[in-house]
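Both ligands and their constituent atoms are indexed starting at 1 by order of listing.
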Amino acid sequence: MSRLSLTRTIINSGRRTSEYIGNSLLQYNIHFLVDSLMSTMDKTSKFSETNRPKILVSNPTVPQVAFDLLEEYCIVTKAEDDTREDILAKVKGVDAIFWATHLKLDKEILEAAGPQMKTVGTMSAGYDHIDVEELKKRGIKLANTPEVLNPAVADIAVLLTLAASRRLHEGRLALENGQWSPKWDARGMLGQDIIGSTVGIVGLGGIGQAIVQRLKAFNVGQFIYTGHREKEEGKKLGAKFVSLDTLIKESDIVIVSCPLTSETKHMFNAELFSKMKKTSVFVNISRGAIVDQEALVKALKEGQIFAAGLDVMTPEPLPPTDELLKLPNAVILPHLGSATKQTRDAMAQLTATNILRGIGDEEMFTPVYEI
Ligand SMILES: O=CC(=O)O
């Protein structure tokens with residue numbers, strides 16, 4: 001593809017993406033990405049025909065738009081299946097890695113790549129599957145894809161909140177099992193209202209804020225949130241900063257949207273679930289490991305909480321025989337948060353652009369840390 005037509009492809013698909021993503025949250029305007037990318041290419045000799053950088057894309061299912069972008073300037077190798085063995089076999093000698101897998105990016109892979117490898121882009125907002133300390137030690141740049149997926153992930157959080165509050169899974173099971181009685185039961189299958197409720201957000205980052213924006217349309221009574229510190233964005237959204245303990249005790253709906261760190265690992269344990277309201281709904285769109293899953297299953301079984309909506313769990317994929325799937329009051333999705341065509345395209349573009357800028361010694365758009 002020529003440089004001009006490549007630019008057009010990106011701009012057009014960028015337009016489509018922005019239409020869907022809306023007016024505010026796609027900070028990384030694709031026109032800007034393209035302009036900046038082109039200036040990177042003009043400035044650096046690293047992208048000449050005779051000296052094309054080598055890139056490994058860890059997963060063949062990455063949207064084509066990323067391959068088009070990278071192949072214009074680089075020699076791209078793609079791991080054909082999403083396995084460590086294949087990645088290890090192909091990573092030697094590359095200048096950058098496009099990481100699009102749940103597999104761990106660790107010392108073994110960095111060593112197999114070699115000391116020339118100085119740039120990693122992960123097609124994800126979370127980077128708990130990347131050994132950040134090891135990358136830093138080796139002076140390797142890392143960028144992720146925050147913001148572009150906020151709307152899609154927030155949509156899934158709302159979907160799970162509604163589905164769990166209104167017993168969606170249980171209702172479907174009743175239908176399948178012939179338990180929908182012809183006698184109208186005015187007390188049957190009662191859910192919980194969203195209107196007037198207290199919604200507690202654990203982690204008011206971009207995704208948490210997008211969730212609040214959406215749930216405002218449901219006339220929620222109040223929004224409270226917890227995290228490291230009170231935020232200006234919280235004030236703007238009319239959300240009150242509280243301690244985790246207060247949030248747990250006062251919320252009708254608890255939504256987890258904070259990153260997985262050593263601090264948040266298993267934060268939701270038996271003690272926390274026991275403090276929650278018996279009518280409360282628990283939603284997690286972040287990472288499964290933030291929850292002690294055994295404790296959650298117990299809380300759901302014993303009626304310590306009303307229901308759960310989960311897009312993430314441990315392990316992923318969840319085996320079909322897992323106890324979680326047997327609970328009528330748990331709505332479970334297979335980690336679909338960012339899974340829309342437009343969002344995945346935007347994530348792929350952002351990752352590819354970050355990588356090209358990283359190799360070209362330009363600042364990446366969304367670096368995880370400064371180097
Ligand atoms: O879970 C998805 C992501 O981190 O992008």
Side-chain angles (χ1 to χ4, degrees), residues 17 20-21 25-28 57-59 61-63 65-66 82 97-106 120-132 135 142-161 201-211 214 227 255-265 267-268 282-291 293 308-318 324 331-355 364-369:
T17 304
Y20 284 97
I21 289 186
L25 288 164
L26 182 57
Q27 291 181 355
Y28 307 102
V57 179
S58 74
N59 189 320
T61 64
V62 161
V65 65
D82 188 15
I97 300 178
F98 186 122
W99 201 244
T101 170
H102 291 297
L103 297 170
K104 186 105 185 143
L105 178 48
D106 56 10
V120 173
T122 179
M123 194 180 130
S124 61
Y127 45 87
D128 47 278
H129 58 318
I130 292 178
D131 189 338
V132 169
L135 261 70
L142 172 65
N144 64 339
T145 59
E147 308 296 336
V148 288
L149 46 54
N150 293 354
V153 179
D155 288 351
I156 286 283
V158 172
L159 180 156
L160 287 170
T161 301
I201 308 280
V202 181
L204 194 71
I207 293 173
Q209 290 166 40
I211 294 170
R214 280 158 177 69
I255 304 180
V256 181
S257 57
C258 60
L260 171 64
T261 62
S262 51
E263 209 184 329
T264 60
K265 188 165 182 196
M267 174 166 74
F268 277 85
F282 176 77
V283 172
N284 186 5
I285 48 83
S286 174
R287 286 290 181 270
I290 293 175
V291 176
Q293 204 157 282
L310 308 174
D311 190 39
V312 289
M313 62 229 67
T314 312
E316 290 180 17
L318 192 69
L324 260 186
V331 181
I332 322 269
L333 296 178
H335 204 147
L336 295 180
S338 66
T340 68
K341 165 86 174 90
Q342 299 78 15
T343 298
R344 289 278 164 86
D345 276 357
M347 292 165 76
Q349 283 173 333
L350 182 55
T351 308
T353 313
N354 272 326
I355 286 175
M364 294 158 117
F365 288 118
T366 49
V368 172
Y369 46 79

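- At a heavy-atom distance under 4.0 Å, no atom of V153 approaches ligand 1.
- Of the N or O atoms in A125, one or more lie within a sub-3.5 Å distance of an N or O in ligand 1.
- With respect to R214 and D155, a salt bridge is recorded, a charged nitrogen being found less than 4.0 Å from a carboxylate O.
- Counting only non-hydrogen atoms, the option in H335, R287, M347 that gets closest to atom 4 (O) of ligand 1 is R287.
- One finds the OG1 atom of T343 at 9.5 Å from the CG atom of N150 (value rounded to the nearest 0.5 Å).
- Of all the atoms in ligand 1, the ones that sit under 4.0 Å from a non-hydrogen atom of L149 are 5 (O).
- Among residues two or more places apart in sequence or in another chain, the side chain to side chain donor-acceptor pair (under 3.5 Å) test is passed with D82 by T101.
- Legend: residues meeting side chain to side chain donor-acceptor pair (under 3.5 Å) with T314, ordered by chain and number and at least two apart, are absent.
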